[in-house]
Amino acid sequence: MATCPPYPTYSGDPTGGGELRHAHWWQRKWVRYGALITLLTLSGLVILALVRQQTGTEGFLVGLGLAVLPVPLLIAAFRWLDRVEPGPWRNLLFAFAWGACAAALIAIIANSFATKWIATATADPSGADTLGATVIAPIVEESAKAAAVLLVFLFRRRDFTGIVDGVVIAGVTATGFAFTENILYLGTAFGTDQLNGDRGIASVTAATFFVRVVMSPFAHPLFTVLTGIGFGISALSAERQHIRRVLLPLSGLLLAMGMHATWNGSSTFGEYGFFAVYAMFMVPTFALLTWLVVWTRQRELRTVREELPAYTVAGWLTPVEPYALGSMRARRMARDYARRQFGGRAAARAVSQYEAYATSLAFLRRRGRLGRANADFVVRERELLHELWRRREVARPALDHAARMTAPPVPVAAPPWPVYGVYGYPPHPAHQSQPTHPAHPVVHPVHPMAPYPAYNPYRT
C-alpha cells in the first residue's frame, strides 16, 4: 500500500473516459448546507420561544446563565479525548447545535404530546407523568440525539473512524441537549422561587442546580455515549458485515434508553432511590466508560507507532516520526518548537495538521491491512500523503526535535573484553594524538548516522 506509485495519476480525459454527469440540484453541497443551517436555525428560534414561554424572560436569563457553566468543561473534556485524531470543528458545532435545537425541540413536542395523550386515555395524570418520564422520554430523547451521530456517520464517514469519534460526537450532542434542558428546568425553578419567595440555599433553584449541574452534568452525555460507542464499533467493521453494522448502533441505542429510563425512574425507588442509583449505577458506569475511552485513545497511539514505519521504508516519513507521532508529549513539544522556531501560530498549526493527517494515514492503513478499507482506499491514501508532503518543511524538524527530547536514554554497559585506551591499556596507534585517562575513556563512534536523504516521492 505504501509502495504504490507515490504520485496521483490522471488520465488526459477530464471526464474519465465518459460523459460528465451533472449532479441534481439537491445533491449540491451549498444546498445541503443551506438546508441544514435553516433547519437548525428554525429549531433554535422555536425552542427559544417555547422555553421563554414556560420560564418567563427573567427565568430564561437566569436559567441560561446557570446552564452554560458546565458546557465549556464538557466540551474541553471531549476535545481532549479527540486529540489523537481531532475531527473538524464543524462536526462538533453541528452536533452541539443539533442537540441544543433540533433534538430538544423534538423532545419537548413529543414528550408533551405523549404525556397528554396518556393522561387523557387513562384519566390518571400522575401515572401519565411517571410513564412519560421513565418510558416515553428515554425513547424520544435518545432517538433524537442519536440522529446527529447517524448523520455524521453517514455523511462525514472519513471523520468517523472509531470508538473515540463516536464518543465525541455523541457526547457533544448530549451536552447541547442538556444545555437546553437545564435552561428549562432552572428557569422553571427560578419562577417557582419567585412565587414562593424562597431564596438562597433552601430555594428550588439551588437544589435543581446542585442536582443537574454539580452532581450529574455528565448524565445525558453518559447515556448517549453508549450509542456513540455502538456507531464507533460499527465504523471499525468491514463494509460487507451489514448485519453487524446495523445491530451494533441499535444495541448501543437500546442501552442508552435503558440507562436513561433507570436514571429517570430513580425517584420512584423510594426516598433514597436517587442516591442509590447515582452511587451504585451511574458513577461505576461513568468510571468504566472513561477507562474504555482512555484505553482506546492509547490503543490509537499504538496503532500510529505500528503502522507508520511502512511509510518510513517507502521514503514518505523520517525514521523518528512514527515514534514522535505516537506520543502525545512529543506532539505537543513539536508544536511548541515550531511556534518558537518557524513563525508562530501558523507553523504550530501546520505541525498540528501534519500530526492529524499522519494519524488518519495510520488508521487508514490499519483498516486496509485488516481488510476493512473502503473502495476509495488508494485515493484517500494519496490525498493524505500529499497533505503530509506539503507540510514537511516545518513538521519534520519539529518532530525530530521532539523525538530527540522525549526519547528514553539507552544504557550502554562496558564490554567485558579489553578495549584499547581504557583501563590502562595502551591506545590504538591510530588514536595516539588523543589523551586518555582511566576515568575518562575515549569513545570512538563506529558508524555515524547519515543524514536522511532528500528523497522526493513525487519524482518518478
Which side-chain N or O atoms in residues 298-306 pair as donor and acceptor under 3.5 Å with protein atoms at least two apart or in another chain?
from   : atom 1 : to     : atom 2 : distance (Å)
Thr303 : OG1    : Arg299 : O      : 3.0
Arg305 : NH1    : Gly326 : O      : 2.5

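- Judged as a ring pair (Phe, Tyr, Trp, His ring centres under 6.0 Å), and not counting sequence neighbours, Tyr33 has no contacts.
- Once rounded to the nearest 0.5 Å, the distance linking CD of Glu321 with CD of Glu355 reads 10.0 Å.
- A salt bridge between Arg404 and Asp400 is present, with a side-chain N of the basic residue lying under 4.0 Å from a carboxylate O of the acidic one.
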Exercise for review: Applying side-chain hydrogen bond (donor to acceptor under 3.5 Å, both in side chains), run through Ser234 and Arg244 and close with a yes or a no.
Suggested key: CA-CA 7 Å; Ser234 178; Arg244 180 178 179 180; over 6 Å; no

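- Listed for the Arg157 side chain is a donor-acceptor partner under 3.5 Å among the backbone atoms of Ala235.
- Counted within 6.0 Å of CZ on Phe363, heavy atoms from surrounding residues, nucleotides or ligands total more than 12; the atom is thus considered enclosed.
- Residues Ala347 and Phe342 share a closest heavy-atom pair of CB-O, 3.3 Å.
- Residue pairs meeting the ring pair (Phe, Tyr, Trp, His ring centres under 6.0 Å) criterion with at least one member in residues 146-177, sequence neighbours excluded: Phe153-Phe160, Phe153-Phe231, Phe177-His220.
- Taking CG of Asp193 as the start and OG1 of Thr188 as the end, the distance is 11.0 Å to the nearest 0.5 Å.
- The aromatic rings of Trp389 and Trp316 sit perpendicular, their planes meeting at an angle over 60°, well past the 30° parallel limit.
- At least one test fails for Arg391 against the ring of Tyr357: distance under 6.0 Å to the centre or angle within 45° of the axis.
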